[in-house]
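Throughout, numbering of the chain's residues begins at 1 and tracks the sequence. Numbering of ligands and ligand atoms starts at 1, following listing order. Just so it is clear, the values below take in all heavy atoms, side chains as well, and ignore hydrogens, waters and symmetry mates. Computed from a predicted model, the values in this text were never measured in an experiment.
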Amino acid sequence: MSAVKPVGRFAPTPSGRMHLGNVFSALLAWLSVRSRDGELVLRMEDLDTQRTSEEFARVLREDLLWLGLDWDRETPPQSQRTEVYDRYFDALKEQGLLYPCYCTRSQLHSVNAPHLSDGTYVYPGTCRSLTDAQRASFQRLPSWRVIVPDRVWHFSDLVQGDYALNLASECGDMVMRRADGVYVYQLAVTVDDGEAGVTEVVRGMDLLSSAPRQMYLQELFGFPHPVYAHVPMLLAEDGRRLSKRDRDLDLGVLRQRITPEKLIGTLAHAAGLLDKPEAVSPRELASVFDWNRVQRDSICLNTHSLI
Ligand code: GLU
């Protein structure tokens, strides 16, 4: 990473108690920045107001502090930033990069629609060239898509290595604002990271293909590209990905059974940062932190050792 003071971030979705995968990403984001005397920004990603709440956000902050993962500043939650996103959206519209899309969910997911091997749907540009008369005939509110160029986006991920994605053939024109007026994650995260001066994005591997999407938007909005580190997924013994559904492994349960140091030590060992799963504080780990030691493949965690 470059010599400028690093600015990292945690961007949790306050839709429930953190599970081990969330803690793992937060720990690595914290270590990457704290090992180089950088700054950490906290942001609540609560665009989905049905699933998120201020109470979950409060508990999340408390859980992070219990773990010893502090932050320097918290930026406003996404649900309060609609007017800011409006400005970026309008700028894209003025440049002629947006168009209204009237496709219904079932049209988008029809069997004829192209899908990538990971199940991602490639938007074929159905509504890109509609006439004004055709647009008027729909009589319903559209979502708005940004035109993506036929261009490959490359970057070198600190954990996953080289990654490339052609947005036109592997993603298609992206929704920026849904028909109900809610801005999408890709727009909000790009604006928020850019305005907060974030220089590095550390998060779960499941968001790897979001990086090129965000790099394109960073270019359109005039933000520099951050460095990316997409950390491996944590799996349960039976190979399932840990998620918020695994209630038995969320912090509400774990906090009653083990110390934060034991939890941090177990995760640091799983990451490849410690030879043994010994109890350790995030501060102690910061001195041995090195991205080169963090393994790339999904990690199967022996959860019985924790609970
Ligand atoms: N809010 C997302 C989550 O909790 C993370 C998004 C990001 O780090 O870019 O999974």
Geometric class of the Trp153/Tyr216 ring pair [parallel <30°, tilted 30-60°, perpendicular >60°]: tilted

Sequence neighbours excluded, every pair satisfying side chain to side chain donor-acceptor pair (under 3.5 Å) that has a member inside residues 267-286: Ser281-Glu284

Ligand 1 contacted by Tyr185 (non-hydrogen, < 4.0 Å): yes

Sub-3.5 Å N/O-N/O distance, Ala11 and ligand 1: yes

Backbone of Ala196 reached by a side-chain donor or acceptor of Arg73 within 3.5 Å: yes

Salt bridge Arg58-Glu54, side-chain N to carboxylate O under 4.0 Å: no

Numbered atoms and elements of ligand 1 in range of Arg9, under 4.0 angstrom, heavy atoms: 7 (C), 8 (O), 9 (O)

Ionic contact status for Asp46 with Arg81, cut-off 4.0 Å: no

Residue Thr13 vicinity, atoms of ligand 1 by number, heavy atom under 4.0 Å: 1 (N), 2 (C), 3 (C), 4 (O)

Distance-only polar pair, side chains of Asp48 and Tyr185, donor-acceptor under 3.5 Å: no

Ligand-residue contact atoms, ligand 1 with Val189, heavy atoms, under 4.0 Å: 9 (O)

Ligand-side contact atoms (ligand 1) for residue partner Glu45, heavy atom cut-off under 4.0 Å: 1 (N), 2 (C), 5 (C), 6 (C)

Per-atom contacts, ligand 1 versus Leu207 - under 4.0 Å to a heavy atom: 5 (C), 6 (C), 7 (C)

